[in-house]
2 protein chains.
Amino acid sequence: MTDCLSCIVRNRAICASLRPDELGLLGRMGRRQRVSSGHTLLWEGDDAPVVANVLDGVLKLVAATADGREQIVGIVFPSDFIGRPFGKESPYSVSAISEAELCIFHRDQFDEFAADHPDLQQKLLCRTLAELDRARRWMLLLGRKSAPEKVASFLLEMADRLSPPPSAADTARGFELPFGRQQIADILGLTIETTSRQLTKMRAVGLIDLPSRRKIVINDLAALNEMAG
Amino acid sequence: MTDCLSCIVRNRAICASLRPDELGLLGRMGRRQRVSSGHTLLWEGDDAPVVANVLDGVLKLVAATADGREQIVGIVFPSDFIGRPFGKESPYSVSAISEAELCIFHRDQFDEFAADHPDLQQKLLCRTLAELDRARRWMLLLGRKSAPEKVASFLLEMADRLSPPPSAADTARGFELPFGRQQIADILGLTIETTSRQLTKMRAVGLIDLPSRRKIVINDLAALNEMAG
DNA sequence: CGGCTTCATTGACCCTGATCAACAAAGCCG
DNA sequence: CGGCTTTGTTGATCAGGGTCAATGAAGCCG
C-alpha cells in the first residue's frame, strides 16, 4: 500500500539511507495517515506508541504548564521525523497546524527495525543532533533576547526554513507563514499583543511588509539581522 | 595509556556498549585531559575538532549574543558526552565550571569508529534524544515561567540530578550546587539580583535553607513542586 | 591576622512587556 | 450579501523583573 519509492520525501527523510529492498520492508510496516489542522497526534505525558515521518504539512511540538501556558518547543516540516524512539512517553504534545500527511510506524516495530539498520540510525542521530542545536540556539532567544530581537530572529529563521520550497525566485520577496499570531507568540515566549505590536512597528519603519495576515515580505534583510542581535 | 576497563564512568558512558576488545581500540584513540575550572574547551562558532567523555567535574554549554549576554544551554556531568559528532562547528562554547577530567577524541577518528559500531551509535542516539527532551522542557521554563517558578524548578532539577552521587542518605537533606549565583541566573534567563532575591525569599518562608553559598537544603519538597508550576 | 578581591545580598527606581479591554478586519456559511 | 465567529490590532494601565548602586560576607594570599 505504501509506495516508498515514489514518496515525496524519499530523498530527504531518514529513509534516504535505505536500499530499495530495505525500503520495501519498512514500507510494509508504515501506514499513511492524514491529520487535519488542529488535531493533536500525541499528548504530553502520555505514552507515545507511534513515530512518523512527515510527508506534507506542518506540525508543532508544545509543552505546557499545569495552568495552561503554552510554549512551542519545536516545529516539524515535511521530511522531518516525529516521535520518541526508544521508549519513554512524549514530553510534549504534537499537533498539526495545517492539513498534514504522515507516514506512521508502531514505535516498537520501528525501534527493532532501526536497531538492525545502522545507516538509518545514523541519519536519525544526525537529525537529532541538528534538532538539539536548533533547540539550544532557541534557548538563547527565549532566555536573553528582547521582544524586538525575538521577532526579528523569528522572521529570519522562517525566511530561511521556508524559502527552499516556494519557488527559488526571490527569496526576499516574501513568504507565507504557517502560523497565526498566537502561535508566533507561543514560539517566542511572548503574548499575542506584543508580537502584533512588534510586527506593526517593523512595518511602520519599512523593515517589512505585511500584505496579508500570514504573508511576510522582508525589505531590509541587513537591518533585520542587525535587529536580531 | 588510557585504561578503559578501570574507567570510573565505564558503565555509565556511551562506552558501556563496547566489548573489551573494541574498548581497547577506542581507548588507544582517546587521551585523558585535565581541564581547570573556568577554562573554555570549545568556542561558539569555531570548528570543533574534538569530542569527549566527561570523567569527572562539571561543564557548561553557553550560547551568547553579539553584545555579550549569555545563556547556559546545557550542563554536562560525569559520564556525559561533549562535542558535535558528524561535522559542523559547535553552536555553543563549552567551559569547565569546576576542575574536570575528560577523555578526548579527535572528532574525525571518533566519527569513523562510531560508524563501525552501531551499538555505540545507538547509545549516543539515546543520549541525544534524552538531551533534546531536557532542552525542550527547559524551553518551557525560559519562555513561560515566572522568576519564582524558574528558581523552584531549578532547585528541583538539581536535587534530582545531583542526588545519586553524594551518598544515598538523605536526598532531601541538602546538596551542593556546582554553580555560583551568576551561573544559576544564566541557566534560568534571569539576572543575578533576581535569582538572589528569590532564593532569599524562599529561605524567609522556610521553604529552603542556605547553609553556605553553594549549599541548598530543601525543607518542603511538596511546596517547591507546587511553586514550580 | 589583615587587606584585597570576588561573590552575594539588599535597596531604590524604571522600563519592558503582560494584562485588561475595546475595536477592527478577515474568514465562514447560510 | 449579511450576520457571526475567529483572528488581529490598538490603547491604557500595571507589575515583574531589569538596572544601577551601595553594602556585606566569603575566600585568598602575603
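Owing to the predicted nature of the structure, the values given are computational and were not obtained by experimental measurement. Just so it is clear: chains get the letters A, B, ... in the order the sequence lines come, proteins before strands, and each one is counted from 1. These values consider heavy atoms only, across backbone and side chains, with no hydrogens, waters or symmetry-generated copies.
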Is it true that a side-chain atom of [X] and a backbone atom of [Y] form a donor plus acceptor pair closer than 3.5 Å?
X: W138(B); Y: I187(B); result: yes
X: Q71(B); Y: D186(B); result: yes
X: E101(B); Y: V54(B); result: no
X: R144(B); Y: R69(A); result: no
X: K150(B); Y: L190(B); result: no

Neighbours of DNA chain C within residues 177-194 of chain B, by heavy-atom distance under 4.0 Å =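 By residue number: G180(B), R181(B), Q182(B), E193(B).
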Would you tell me whether Q33(A) and R31(A) have side-chain atoms, one donor and one acceptor, within less than 3.5 Å of each other?
->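 Side chains of Q33(A) and R31(A): pair found under 3.5 Å.
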Search all heavy atoms of [X] against all heavy atoms of [Y] and return the closest pair with its distance.
X: G180(B); Y: R214(B); result: N-NH2, 3.5 Å
X: L162(B); Y: E176(B); result: CD1-O, 3.8 Å
X: E89(A); Y: D46(A); result: CB-O, 3.0 Å

Terminal helix-axis angle for the helix from dC1(C)-dG30(D) to dG30(C)-dC1(D), with five pairs defining each axis and rounding to 10 degrees |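 Helix axis angle between the two ends: 40°.
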Just how far, in rounded Å, is [atom2] of [N] from [atom1] of [X]?
X: L199(B); N: dT10(C); atom1: CG; atom2: P; result: 11 Å
X: R197(A); N: dG17(C); atom1: CZ; atom2: P; result: 11 Å
X: R144(A); N: dT16(C); atom1: CZ; atom2: C1'; result: 15 Å
X: Q198(A); N: dT16(C); atom1: CD; atom2: P; result: 11 Å

Contact boundaries on DNA chain D for chain A, cut-off under 4.0 Å to non-hydrogen atoms |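 First and last nucleotides in contact are dT7(D) to dA12(D).
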Between P148(A) and R213(A), which has a closest nucleotide on DNA chain C that is more 5'?
->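 Closest to the 5' end, via its nearest nucleotide, is P148(A).
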Does atom CD of E226(B) have more than 12 heavy-atom neighbours from other groups under 6.0 Å away?
->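 No, not enclosed.
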Classify the nucleic acid contact of S146(A) as base, sugar-phosphate or nothing, counting any heavy atom under 4.0 Å across all strands shown.
->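 Since only primed, P, OP1 and OP2 atoms lie under 4.0 Å of S146(A), the category is sugar-phosphate.
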State plainly whether the residues E131(A) and R136(B) are in salt-bridge range, i.e. N to O under 4.0 Å.
->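 Yes, charged N to carboxylate O under 4.0 Å.
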Under 4.0 Å between a side-chain N/O of T200(B) and OP1 or OP2 of dT10(C), yes or no?
->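 Checking dT10(C) against T200(B), a side-chain N or O does come within under 4.0 Å of OP1 or OP2.
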Which sits closer to the 5' end of DNA chain D, A147(B) or L210(A), going by the nucleotide each is nearest to?
->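 Looking at DNA chain D, the more 5' nearest nucleotide goes with L210(A).
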